[in-house]
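Taking it in order: structure first as structure tokens, then the write-up.
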Amino acid sequence: MSSPRRRIETDVMKLLMGDYEVNLINDSMQEFFVKFEGPTDTPFAGGVWKIRVELPDQYPYRSPSIGFTNKIFHPNIDERSGSVCLDVINQTWSPMFDMINIFEVFLPQLLRYPNPTDPLNGEAAALMMREPAAYEAKVKDYVQRFASKEAYDASKESESESDESESVGSLSDDDEPDMDL
């Protein structure tokens with residue numbers, strides 16, 4: 001049987017070979033971001049999300065931690081934290097599953113078939129059950145505002161800028177601060 005370390009490397013490589021954009025955090029294969037696009041034929045179509053993935057040392061015997069970093073309006077995703085309520089990740093995870101399953105099956109299914117009876121976002125669940133058209137309109141509004149391709153690209157740019165320069169420039173004698181309010 002292969003070691004958890006080897007399994008982590010294999011799963012991350014499968015994502016990369018599956019044409020997923022993967023950005024490692026601190027060069028660790030246990031923490032990374034994956035670019036995830038909303039499934040076509042859903043109100044999430046056209047949306048691009050940055051999903052944070054953390055793999056525990058016991059992976060694949062313990063499930064990964066998955067979270068949306070940009071906002072999404074969905075009954076089973078916490079709007080503030082981005083946490084995902086999905087049985088297959090939270091309770092019924094099996095070492096037979098891998099990261100490709102999450103991005104090709106589990107997350108697309110979650111977006112296609114929300115479960116408003118077990119919500120993390122009560123507002124989204126109530127709206128979905130009471131006013132499906134209003135729910136769909138709000139989902140599309142969130143996609144436009146928080147998950148457009150432009151918003152995703154901007155988040156990557158600001159991320160790389162903060163990586164490149166952690167220091168804040170200081171004023172020289174020539175630079176007068178603008179005091180007009």
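FYI, side chains are in, hydrogens and waters are out, and symmetry mates aren't considered; it's all heavy atoms of this structure.
- In this structure, the side chains of C85 and D118 come closer than 4.5 Å at one or more pairs of heavy atoms.
- Pairing each heavy atom of Y20 with each of K35, the nearest pair is CD2-O, 3.8 Å.
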Next on the checklist: Show, in sequence, the C-alpha distance, side-chain angles and deciding distance for L16 and E21, and conclude whether the side-chain contact (heavy atoms from CB on, under 4.5 Å) test is met.
Outcome noted: CA-CA 7 Å; L16 289 166; E21 188 177 298; over 6 Å; no
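- The pair D98-R7 does not meet the salt-bridge criterion, since no charged nitrogen lies less than 4.0 angstrom from a carboxylate oxygen.
- S63 contributes a side-chain N or O that, together with a main-chain N or O of I89, makes up a donor-acceptor pair within less than 3.5 Å.
- Under a 3.5 Å cut-off, the side chain of T42 and the backbone N or O of P39 do form a donor-acceptor pair.
- No continuous path of hydrophobic side-chain contacts links V12 to Y61 [ILVMFWY only; heavy atoms under 4.5 Å].
- For the pair N115 and L86, the minimum side-chain heavy-atom distance is 4.5 Å or more.
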Checklist entry - Y59 and M99: side-chain contact (heavy atoms from CB on, under 4.5 Å), yes or no, with the steps? => result CA-CA 11 Å; Y59 180 84; M99 296 309 303; 3.8 Å; yes
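- Using a 4.5 Å heavy-atom threshold, the side chains of D27 and F32 count as separate.
- With D141 contributing its side chain and Q144 its backbone, the two residues share no donor-acceptor pair below 3.5 Å.
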Next on the checklist: Run the side-chain contact (heavy atoms from CB on, under 4.5 Å) test on I8 and T10 for me, step by step, so that the C-alpha distance in whole Å, both residues' side-chain angles and the decisive distance to 0.1 Å come before the verdict.
Outcome noted: CA-CA 5 Å; I8 288 169; T10 301; over 6 Å; no
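- The side-chain heavy atoms of R5 and Q30, taken from C-beta on, include a pair separated by under 4.5 Å.
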Item to check | side-chain contact (heavy atoms from CB on, under 4.5 Å) assessment of F97 paired with V88 | outcome: CA-CA 9 Å; F97 302 137; V88 76; 3.4 Å; yes
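- I66 is connected to L15 through a chain of hydrophobic side-chain contacts under 4.5 Å among Ile, Leu, Val, Met, Phe, Trp and Tyr, so both are in one cluster.
- Looking only at distances, a side-chain donor or acceptor of N70 sits under 3.5 Å from a matching main-chain atom of F146.
- Proximity of L110 to V84: side-chain heavy atoms (C-beta onward) are separated by under 4.5 Å at one or more points.
- You'll find the side chain of F33 stays beyond 4.5 Å of the side chain of V22, heavy atoms only.
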Checklist entry - Between Y142 and E79, does a side-chain hydrogen bond (donor to acceptor under 3.5 Å, both in side chains) hold up when you go through it step by step? => result CA-CA 11 Å; Y142 269 55; E79 189 175 335; 2.6 Å; yes
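- Annotation for P114 and Y135: closest pair CG-OH, 3.9 Å, computed over non-hydrogen atoms.
- Sorted by first and then second residue, the side chain to side chain donor-acceptor pair (under 3.5 Å) pairs with a member in residues 82-96 read S81-S83; sequence neighbours excluded.
- Listed for the T69 side chain is no donor-acceptor partner under 3.5 Å among the backbone atoms of R52.
- Counting heavy atoms from C-beta outward, L107 and F44 have side chains that stay 4.5 Å or more apart.
- Note on V53 and M13: same hydrophobic cluster, where clusters join Ile, Leu, Val, Met, Phe, Trp and Tyr whose side-chain heavy atoms are under 4.5 Å apart, directly or indirectly.
- A side-chain donor-acceptor contact under 3.5 Å links W49 to the backbone of K71.
- Atom CZ of R145 has more than 12 neighbouring heavy atoms from other residues, nucleotides or ligands inside a 6.0 Å radius.
- Looking only at side-chain heavy atoms (C-beta outward), H74 and N121 stay at 4.5 Å or farther from each other.
- With rounding to the nearest 0.5 Å, the separation of CD1 in I102 from CD in Q109 is 13.5 Å.
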